[in-house]
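All chains are named by letter (A, B, ...) in the order of the sequence lines, taking the proteins before the strands, and each is independently numbered beginning at 1.
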Number of protein chains: 2
Amino acid sequence: MTDVQPGSAQAVYMALRRRLSDGAYAPGQRLTEMALAADLGVSRTPVREAIGRLLTDGLVVPAVRGVVVAALSPTEAEHLFVLRADLEALAAELAAGRQAAGRLAPAEVDALDDAVDEVEAAVRTHDPRASAQANLALHRAIGAAAGNPFLEETLHRVWDRIAVTTVANLDDPHWAGAITEQHRAIVSAIRAGDPEAARSAAKSHIEAARRAYKPLG
Amino acid sequence: MTDVQPGSAQAVYMALRRRLSDGAYAPGQRLTEMALAADLGVSRTPVREAIGRLLTDGLVVPAVRGVVVAALSPTEAEHLFVLRADLEALAAELAAGRQAAGRLAPAEVDALDDAVDEVEAAVRTHDPRASAQANLALHRAIGAAAGNPFLEETLHRVWDRIAVTTVANLDDPHWAGAITEQHRAIVSAIRAGDPEAARSAAKSHIEAARRAYKPLG
DNA sequence: ACGGTATGTATTGCATGCAAAGTATGTCAA
DNA sequence: TTGACATACTTTGCATGCAATACATACCGT
């Protein structure tokens with residue numbers, strides 16, 4: 001979705017966005033242009049440009065002096081998860097609809113099942129980072145299967161915004177046990193081409209995820 | 001939502017975003033830094049920064065040389081309206097839920113009815129610009145009544161993205177006759193505190209709007 | 001000793017400079 | 001007249017310079 005235009009401003013933006021959604025910076029931490037410029041080996045100008053974009057993304061917020069890494073209050077997290085639940089519900093619904101219309105490649109549907117397996121395996125390793133990554137990969141795949149670039153981009157924004165201050169608590173035994181079942185419900189509904197079932201399964205899943213959410217800030 | 005940080009880069013960004021969603025530039029038109037800088041009375045630097053943000057907003061797209069105003073293909077418009085329908089459905093649903101919970105000020109609900117009246121009046125004048133503005137004001141009010149800043153911001157992004165290349169075809173007699181009825185259905189459901197009815201009314205309304213959509217590009 | 005003020009320093013924000021890249025134009029030849 | 005090539009110009013992209021601002025620190029007065 002995001003075009004990789006030659007030029008380091010774009011590269012800086014993507015690098016910073018990745019770092020932020022990887023949790024490389026603590027919420028509330030100040031980011032200075034100079035430090036980032038030195039770190040990335042460019043001048044302040046492309047860094048400034050990138051920071052401007054991060055501001056509109058909401059990943060950093062203006063401070064008295066420069067910007068600080070955004071934090072999520074419990075209320076904000078609540079709001080974000082409400083939005084996310086609806087968007088992921090729509091994605092699952094659209095994916096199921098495409099499947100019903102025969103516009104979803106069989107390989108793509110199989111890939112969803114594989115992704116569910118990989119999340120399950122990752123959760124078993126009790127590696128929170130790998131689990132979160134596998135989980136996100138599955139959700140991304142569903143988002144892609146919806147076939148709507150704008151929905152997909154919006155989902156990415158929401159995921160990144162949540163990820164800045166969240167660590168997916170996939171190590172919680174209760175949640176770990178439920179997650180695969182819920183994932184299977186979504187993918188099964190998509191495979192069956194049942195949009196309504198897919199929507200409600202996805203919505204329930206995200207609402208369950210919200211309850212397992214653990215803020216970092 | 002968008003903080004008005006002192007500094008002209010922010011001002012330039014907001015000015016350009018407003019111009020774009022007002023349709024001041026034709027889709028496909030090239031925007032040069034120098035011309036915009038001269039026009040806005042600033043140097044190229046803040047303009048560059050603003051253009052970077054517009055790129056992530058999708059309001060302009062990278063061209064061989066600089067950027068051009070984004071256009072919407074029929075397929076893209078379709079995708080955008082699908083997303084919009086779901087987001088507005090969620091907004092209406094949340095607003096109705098807040099009303100049911102007594103968390104919506106009576107004045108806010110009354111304002112929704114007033115906004116419906118104003119759209120009706122504006123449509124009668126056959127002024128497409130005023131009609132579009134009144135219509136957008138109503139939808140914005142519903143978005144605000146949902147009480148979810150992230151949903152609200154996402155809606156704004158979608159509206160702006162559509163507005164760049166759309167003129168609301170509120171002059172269409174058929175559509176003009178139906179629009180007020182549909183608006184009333186949404187607002188009534190919100191007033192009644194019926195989330196499901198509000199959701200379905202809003203969804204139907206946007207799907208009807210999609211059919212009345214007329215691209216400019 | 002404590003508070004207020006003044007100075008110094010770190011950092012932002014915008015403007016400008018300079019090099020690279022690509023496009024348009026003009027000229028020459030067939 | 002048309003096509004190809006060379007040249008000049010427009011425009012971007014990044015780096016740096018300079019002024020403004022706010023914070024920290026140190027000094028002085030009470």
Side-chain angles (χ1 to χ4, degrees), chain A residues 1-20 24-71 164 217, chain B residues 1-20 24-71 164 217:
Chain A
M1 202 62 207
T2 39
D3 310 82
V4 183
Q5 175 103 346
S8 76
Q10 192 85 8
V12 168
Y13 169 61
M14 291 181 61
L16 288 180
R17 183 163 169 174
R18 180 177 199 97
R19 287 192 188 182
L20 283 165
Y25 302 112
Q29 178 178 346
R30 248 187 81 199
L31 298 181
T32 74
E33 297 176 2
M34 290 195 325
L36 293 175
D39 192 5
L40 296 167
V42 296
S43 84
R44 282 175 46 222
T45 305
V47 173
R48 278 187 58 74
E49 220 172 298
I51 287 179
R53 300 200 203 183
L54 295 174
L55 275 168
T56 64
D57 288 341
L59 297 181
V60 298
V61 294
V64 188
R65 197 75 156 284
V67 299
V68 300
V69 178
V164 172
Chain B
M1 201 60 206
T2 39
D3 310 81
V4 182
Q5 174 103 343
S8 76
Q10 192 85 8
V12 168
Y13 169 60
M14 291 181 62
L16 287 180
R17 183 162 168 174
R18 180 177 198 96
R19 286 192 190 183
L20 283 165
Y25 302 112
Q29 176 179 346
R30 249 188 78 200
L31 297 181
T32 75
E33 296 175 4
M34 290 197 325
L36 293 175
D39 192 6
L40 296 167
V42 295
S43 86
R44 282 174 45 220
T45 305
V47 172
R48 278 189 58 75
E49 219 173 300
I51 287 178
R53 302 201 203 182
L54 296 174
L55 274 169
T56 64
D57 288 342
L59 297 181
V60 299
V61 294
V64 189
R65 196 76 157 281
V67 298
V68 299
V69 179
V164 172

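- Listed by residue number, the members of residues 40-56 of chain B with any heavy atom below 4.0 angstrom from DNA chain D are B/Arg44, B/Arg48.
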Please tabulate the protein-to-nucleotide N/O contacts below 3.5 Å involving nucleotides 5-10 of chain D, giving atom names and distances.
from	atom 1	to	atom 2	distance (Å)
D/dT10	O2	B/Arg65	NH2	2.5

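- Rounding to whole angstrom units, CG of residue A/Leu31 and C1' of C/dA10 are separated by 16 Å.
- Residues passing the side-chain contact (heavy atoms from CB on, under 4.5 Å) test with B/Thr45 are B/Ser43, sequence neighbours excluded.
- No side-chain heavy atom of B/Tyr25 sits less than 4.5 Å from a side-chain heavy atom of B/Val60.
- Side-chain contact between A/Leu55 and B/Tyr13 is absent, with no heavy-atom pair separated by less than 4.5 Å.
- What you find for B/Val47 and B/Val12 is that their closest heavy atoms are CA-CG1, 4.1 Å.
- Judged as a side-chain contact (heavy atoms from CB on, under 4.5 Å), and not counting sequence neighbours, the contacts of B/Arg30 are B/Thr32, B/Arg65, B/Val68.
- Distance CZ (B/Arg30) to P (C/dG22): 13 Å, rounded to an integer number of Å.
- Residues forming a salt bridge (Lys or Arg N to Asp or Glu O under 4.0 Å) with A/Arg19 (at least two apart in sequence, or on another chain): A/Asp39.
- The shortest distance between the side-chain N/O atoms of B/Thr32 and the OP1/OP2 oxygens of D/dT11 is not below 4.0 Å.
- From one end of the helix from C/dA1-D/dT30 to C/dA30-D/dT1 to the other, with five pairs defining each end axis, the axis direction shifts by 10° (rounded to 10°).
- Listed by chain and number, the residues in a salt bridge (Lys or Arg N to Asp or Glu O under 4.0 Å) with A/Arg48 are A/Glu33, B/Glu49 (sequence neighbours excluded).
- Between A/Val67 and A/Leu54, every side-chain heavy-atom pair lies at or beyond the 4.5 Å cut-off.
- A heavy-atom distance below 4.5 Å is not found between the side chains of A/Leu16 and A/Leu59.
- Side-chain contact check for A/Gln10 versus A/Arg53: some heavy-atom pair is nearer than 4.5 Å.
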